[in-house]
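This one's a predicted model, so the numbers in the text were calculated from it and none came from an experiment.
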Amino acid sequence: MAKQEFHLDFCGRGITVETGEIAKQADGAVIIRYGDTVTLSTACASNTAKEGIDFFPLTVSFEEKLYSVGKIPGGFLRREGRPSEHATLTARMIDRPIRPLFAEGFRNEVQVVNTVLSVDQDASAEMAAMLGASLALCISDIPFNGPIAGVKVGRVNGEFIANPTVAQAEQSDIDLTVAGTYDALNMVEAGAKEVSEEDMLAALMFGHEQIKKLCEFEKEVIAACGKEKREIQLYTVDENIDKEVRENYEGKIREAVSIKEKLERYGKIDELTDEAAAMIEAKEYETEKDKNNAVKQAREICRSIEADEVRRLIIEDKVRPDGRKIDEIRPLNSQVDLLPRVHGSAMFTRGETQVLSTTTLGALNENQIIDDLTEVDAKRFMHHYNFPPYSVGETGRMGTPGRREIGHGALGERALAQVLPSVDEFPYTIRTVADVMESNGSSSQASICAGTMSLMAAGVPIKAPVAGIAMGLIMNEETKDYTVLTDIQGMEDHFGDMDFKVAGTKNGITALQMDIKVTGITKAIFEEALTQAHKARLEILDNMLACISEPRKELSPYAPKIAMMNIDPDKIKDVIGPGGKMINQIIAECDNVKIDIDDDGKVVIYHHDYEVINKAKEMIEGIVKEAHVGEVYAAKVVRIEKFGAFVNLFGSTDGLLHISKISHNRVDKVEDVLKIGDIIDVKVMEIDNKGRINVSAKALLPKPKKAETPAEE
């Protein structure tokens with residue numbers, strides 16, 4: 001196929017799609033040129049279904065090539081290593097709107113690779129890659145119900161902007177990414193500076209209008225060069241097994257779904273599922289493989305019955321598995337100060353979801369170094385989320401965070417970052433860690449609640465407390481009947497159609513995230529979900545504030561205290577000294593005090609003991625201090641010459657006390673009146689153009705009385 005190009009003027013910037021020249025052996029491949037940003041997206045699928053799996057094996061990656069921004073990778077090897085956090089989050093963001101648009105039962109492995117080749121910071125590489133991923137799938141022979149597209153939405157001075165530039169994004173009070181089809185949105189990711197539900201809904205709808213333009217453009221490209229779709233054998237269960245399991249166990253499983261307590265409910269359903277599997281296993285089969293497949297299908301059918309009953313109860317009867325009303329929150333409990341030695345700690349429990357959060361304060365030079373394609377090279381606030389297997393009563397891998405943990409951590413970080421004090425107001429690096437102790441639905445939002453309280457317990461002067469809640473949706477796509485749920489638990493999340501997380505203060509939204517399993521969400525559903533979430537957020541905030549009403553006025557005795565001072569930038573080299581000798585001496589003499597010095601001369605000193613801080617501050621002041629004419633010092637004699645003595649005024653600053661300036665009486669030898677180590681009061685009389693200081697002791701002495709007669713004289 002010869003090279004083909006397609007062009008679109010999108011919101012004042014040109015988008016060019018190229019195909020047929022690069023990566024021709026992939027099932028689908030496109031180059032997207034957006035401004036000076038260039039991305040390559042490829043899609044490949046296996047010809048046969050992957051055996052023995054009960055999920056759709058889709059892999060989406062976002063490959064950051066640091067040459068695209070003119071950087072050489074850090075580290076010993078000087079080459080790209082494991083994906084950065086930004087790359088992982090972007091890959092997840094592209095995966096989420098694509099995944100629901102493959103057919104149920106799709107078991108062929110699909111891999112979508114997005115490679116960033118050139119980056120123009122004002123033309124989003126993430127959105128270019130999302131467009132490319134959709135097109136690569138759509139023009140390939142892989143069955144896919146696209147196209148989809150995504151845009152970033154900002155708001156500056158009340159005006160919405162699609163894919164804002166870096167400068168516009170800095171001024172924006174909304175940082176929203178939306179994706180979806182021409183008909184509806186199916187993925188949302190947002191941070192905001194306490195924006196109202198009405199304004200956020202308007203931003204979502206603005207974003208969808210831009211997505212429609214991109215989808216129309218994609219349809220033109222697909223019509224011109226799309227391949228005929230291949231036949232894929234979709235996975236289905238055996239009709240006979242389905243009939244037998246349902247006849248014997250459907251009624252019992254539907255009954256078990258209504259057991260209120262989680263572990264008891266799951267235990268009973270597992271027991272019935274095991275019985276159904278044993279019933280099918282007892283039959284005769286030609287091979288062991290056939291028997292194993294039949295048993296596996298029996299278990300799947302039981303899960304399907306369970307899902308159907310959960311959905312039916314909620315849509316038709318408005319009854320939830322644990323008996324709650326559709327807008328009712330599970331019991332709440334908030335606690336602080338669980339851990340005596342950490343800088344701040346809190347625990348938040350909502351039903352069977354429980355998160356322990358700790359806050360640690362550090363010096364600004366302990367911030368996180370960022371090595372990715374963005375312009376951000378360091379960040380001062382980190383929110384880390386850990387989900388150990390014991391939190392759901394299971395065994396599993398422990399170690400480095402996976403994609404899910406990175407994603408949940410980023411959502412919490414975005415929600416809390418909006419209310420943090422500025423560096424000038426609170427010059428600390430801040431780290432919150434959310435450890436999930438127990439989970440049955442939306443531990444990410446519980447981590448935001450616990451994080452808020454641990455920040456306040458640590459004395460971080462946040463602008464307002466933040467709470468989060470997860471909303472769910474159960475929808476019948478045929479009848480379009482639906483129910484929006486407040487505070488979804490694990491079963492409702494697993495069998496439901498939407499996970500819509502909303503975090504914010506009493507004044508507005510600070511973060512938003514939505515994933516769905518249906519084809520899209522309408523404006524009416526968004527509106528209902530946001531309204532219910534607002535009510536729930538206020539209820540949760542009341543519970544949190546009853547535990548800790550405001551940030552502590554004082555830091556923990558184990559947290560580093562600070563002192564700030566400003567010095568002349570020209571004096572920074574004096575404080576540091578040759579090879580760091582001077583600053584290392586200060587640190588050694590002041591109990592390993594931490595010192596941050598900015599290029600503008602701002603100095604921040606950290607230590608848990610104020611006496612140590614004050615000592616370090618005095619030492620720095622001694623180094624940078626300058627003498628001025630007229631000032632008086634108790635100076636120490638450090639050197640004696642024939643013409644006078646050199647005296648130390650402070651720090652490393654010496655002055656010359658000429659022999660004629662020692663006394664009103666004649667001094668023949670300096671040694672007659674002074675010796676090294678003596679302390680003498682002197683006054684600065686002159687500082688010449690080379691910075692040399694002349695001082696006088698005589699100027700501070702009373703003048704002798706004048707003799708009245710020559711004899712007396």
Just checking, any donor-acceptor pair under 3.5 angstrom between side chains of [X] and [Y]?
X    : Y    : answer
H607 : D591 : yes
S422 : E425 : yes
T360 : H343 : no
E64  : S84  : yes
S334 : N543 : yes
Q354 : T349 : yes

Output the distance between atom [atom1] ([X]) and atom [atom2] ([Y]), rounded to the nearest 0.5 Å.
X    : Y    : atom1 : atom2 : value
M382 : I430 : CE    : CD1   : 9.0 Å
M453 : D337 : CE    : CG    : 10.5 Å
C590 : M619 : SG    : CE    : 5.0 Å

Which residues satisfy the salt bridge (charged side-chain N to carboxylate O under 4.0 Å, His left out) test with [X], sequence neighbours excluded?
X    : result
R639 : E641
E126 : none
E626 : K571

side-chain contact (heavy atoms from CB on, under 4.5 Å) involving [X] - partner list, sequence neighbours excluded:
X    : result
Q168 : V156, I161, P164, T165
T400 : R82, R397
D36  : D120

Residue list, side chain to side chain donor-acceptor pair (under 3.5 Å) with [X], at least two apart or on another chain:
X    : result
T359 : S454
K594 : E366
N648 : D654

Is it true that K379 and E85 make a salt bridge, defined as a side-chain N closer than 4.0 Å to a carboxylate O? yes
Spell out, as yes or no, whether a donor-acceptor pair under 3.5 Å connects the side chain of [X] to the backbone of [Y].
X    : Y    : value
D678 : L674 : no
S357 : A346 : no
T358 : S345 : no
K615 : E589 : yes
T452 : V466 : yes

Does some side-chain heavy atom of [Y] sit less than 4.5 Å from a side-chain heavy atom of [X]?
X    : Y    : result
T432 : H384 : no
I509 : R537 : yes
V695 : V647 : yes

Does a sphere of radius 6.0 Å around [atom1] in [X] hold more than 12 heavy atoms from other residues, nucleotides or ligands, not counting ones at 6.0 Å or beyond?
X    : atom1 : answer
D568 : CG    : yes
K661 : NZ    : no
K636 : NZ    : no

Worked verdict on S391 versus E438 for side-chain hydrogen bond (donor to acceptor under 3.5 Å, both in side chains): CA-CA 4 Å; S391 66; E438 199 179 340; over 6 Å; no
With sequence neighbours left out, which residue pairs that include part of residues 400-432 fulfil the ring pair (Phe, Tyr, Trp, His ring centres under 6.0 Å) condition? Y385-H408, F426-Y428, Y428-Y606
Under the ring pair (Phe, Tyr, Trp, His ring centres under 6.0 Å) rule, what pairs show up with a residue in residues 550-597, not counting sequence neighbours? none
Find out whether the Lys NZ or Arg CZ of R404 is both under 6.0 angstrom from the six-membered ring centre of F387 and within 45° of the ring's axis. yes
Might you work through the salt bridge (charged side-chain N to carboxylate O under 4.0 Å, His left out) test for R414 and E189, ending with a clear yes or no? CA-CA 10 Å; R414 192 181 305 117; E189 193 80 51; 2.8 Å; yes
All pairs passing salt bridge (Lys or Arg N to Asp or Glu O under 4.0 Å) where residues 680-702 contributes a residue, at least two apart: D688-R692
